[in-house]
Amino acid sequence: MKAQDVLPDGADFTVVNGRTLRKGSVGAFLANVRILEDASASAADRHAAEQDLVSLIPALDALGLFDVFELRSPSLRDEVTRHRSALSPAPAAASPNA
C-alpha cells in the first residue's frame, strides 16, 4: 500500500474506525514528544506539547499506531497507556444469568 492509497493527494484527513485522522497527525505527535523530552524546553512549551500530544492519542489509537510500535520512553508509554485506557469503554458487567 502506498501513502496515496491511505490519504489521496489533495485530501487533508481520513476517517479510520470512526475517528478523524488529519494529515500530519503522526508527525505532530513525534514533534510533541521531542519537545517533552527536551530538557531545555520552557514550561509553557512543554505544557502545550503535552496537551497537543494527548489530543492526538484517540486518532493514533484508531489508526493502530500503538498496537504496532512500542514507545521507548517509560514515562511517555505510561502517559499514552493512561489516556488510551480512558478512551476504552468499560467492560460490560457480567450478566447474573450467564
Side-chain angles (χ1 to χ4, degrees):
M1 181 174 288
K2 295 181 171 87
Q4 62 268 23
D5 297 331
V6 175
L7 193 64
D9 289 340
D12 293 329
F13 69 94
T14 188
V15 177
V16 177
N17 296 327
R19 299 261 185 200
T20 300
L21 182 61
R22 291 189 43 80
K23 175 175 60 180
S25 295
V26 174
F29 182 85
L30 295 172
N32 288 313
V33 168
R34 288 186 192 102
I35 292 168
L36 290 170
E37 293 183 345
D38 181 356
S40 66
S42 71
D45 287 344
R46 291 175 59 77
H47 179 73
E50 181 178 1
Q51 296 300 310
D52 291 341
L53 182 137
V54 167
S55 73
L56 291 164
I57 291 172
L60 298 180
D61 193 37
L63 183 63
L65 185 86
F66 306 117
D67 297 329
V68 176
F69 295 107
E70 182 177 351
L71 300 170
R72 288 186 190 182
S73 163
S75 61
L76 178 62
R77 188 171 47 244
D78 290 347
E79 185 73 5
V80 168
T81 297
R82 185 170 64 85
H83 286 284
R84 286 181 73 202
S85 295
L87 294 172
S88 299
S95 169
N97 299 326

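What you are looking at is a predicted structure, and each value in this text was computed from that prediction instead of being measured.
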Does [X] share a hydrophobic cluster with [Y], counting links as ILVMFWY side-chain heavy atoms below 4.5 Å and allowing steps through other members?
| X | Y | result |
| --- | --- | --- |
| Val15 | Val26 | no |
| Leu7 | Leu63 | no |
| Leu30 | Ile35 | no |

Practice item. Locate the shortest heavy-atom distance separating Pro58 from Leu87; write the atom from each residue and the value. Key: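 Looking at all heavy atoms of both residues, the shortest contact is CA-CD1, 3.7 Å.
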
Check your understanding: How close do Arg77 and Glu70 get, heavy atom to heavy atom, and via which atoms?
Key ->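 Closest approach of Arg77 to Glu70: NH1-OE2, 3.7 Å.
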
Practice item. Determine, step by step, whether Asn32 and Leu56 satisfy the side-chain contact (heavy atoms from CB on, under 4.5 Å) criterion, reporting the C-alpha distance in whole Å, the side-chain angles of both residues, the deciding distance to 0.1 Å, and the verdict. Key: CA-CA 10 Å; Asn32 288 313; Leu56 291 164; 4.0 Å; yes

Is there a donor-acceptor contact under 3.5 Å from the side chain of [X] to the main chain of [Y]?
| X | Y | value |
| --- | --- | --- |
| Arg19 | Ala62 | no |
| Arg22 | Phe13 | no |
| Ser25 | Leu21 | no |

Distance in Å, [X] [atom1] paired with [Y] [atom2], rounded so as to fall on 0.5 Å steps:
| X | Y | atom1 | atom2 | result |
| --- | --- | --- | --- | --- |
| Ser55 | Glu50 | OG | CD | 11.0 Å |
| Glu37 | Arg46 | CD | CZ | 9.0 Å |
| Ser73 | Glu79 | OG | CD | 10.0 Å |
| Asp61 | Asn17 | CG | CG | 9.0 Å |

**Study point:** CA sep, side-chain torsions, deciding dist, call: Leu76, Leu53, side-chain contact (heavy atoms from CB on, under 4.5 Å)
**Key:** CA-CA 10 Å; Leu76 178 62; Leu53 182 137; 4.0 Å; yes

Exercise for review: For Ile57 and Phe66, run side-chain contact (heavy atoms from CB on, under 4.5 Å): C-alpha distance rounded to whole Å, both residues' side-chain angles, the deciding distance at 0.1 Å, then the answer.
Suggested key: CA-CA 9 Å; Ile57 291 172; Phe66 306 117; 4.2 Å; yes

Review point. Hey, does Asp38 have a side-chain heavy atom less than 4.5 Å from the side chain of Ser40?
Key: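 Of all side-chain heavy-atom pairs linking Asp38 with Ser40, at least one is under 4.5 Å.
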
Review point. Taking atom CZ of Arg84 as the centre, does the number of heavy atoms from other residues, nucleotides or ligands within less than 6.0 Å exceed 12?
Key: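 It does: Arg84 CZ has more than 12 such atoms within range.
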
Exercise for review: Kindly indicate, with the supporting measurements, whether the criterion side-chain contact (heavy atoms from CB on, under 4.5 Å) is fulfilled by Val80 and Phe29.
Suggested key: CA-CA 11 Å; Val80 168; Phe29 182 85; 4.2 Å; yes

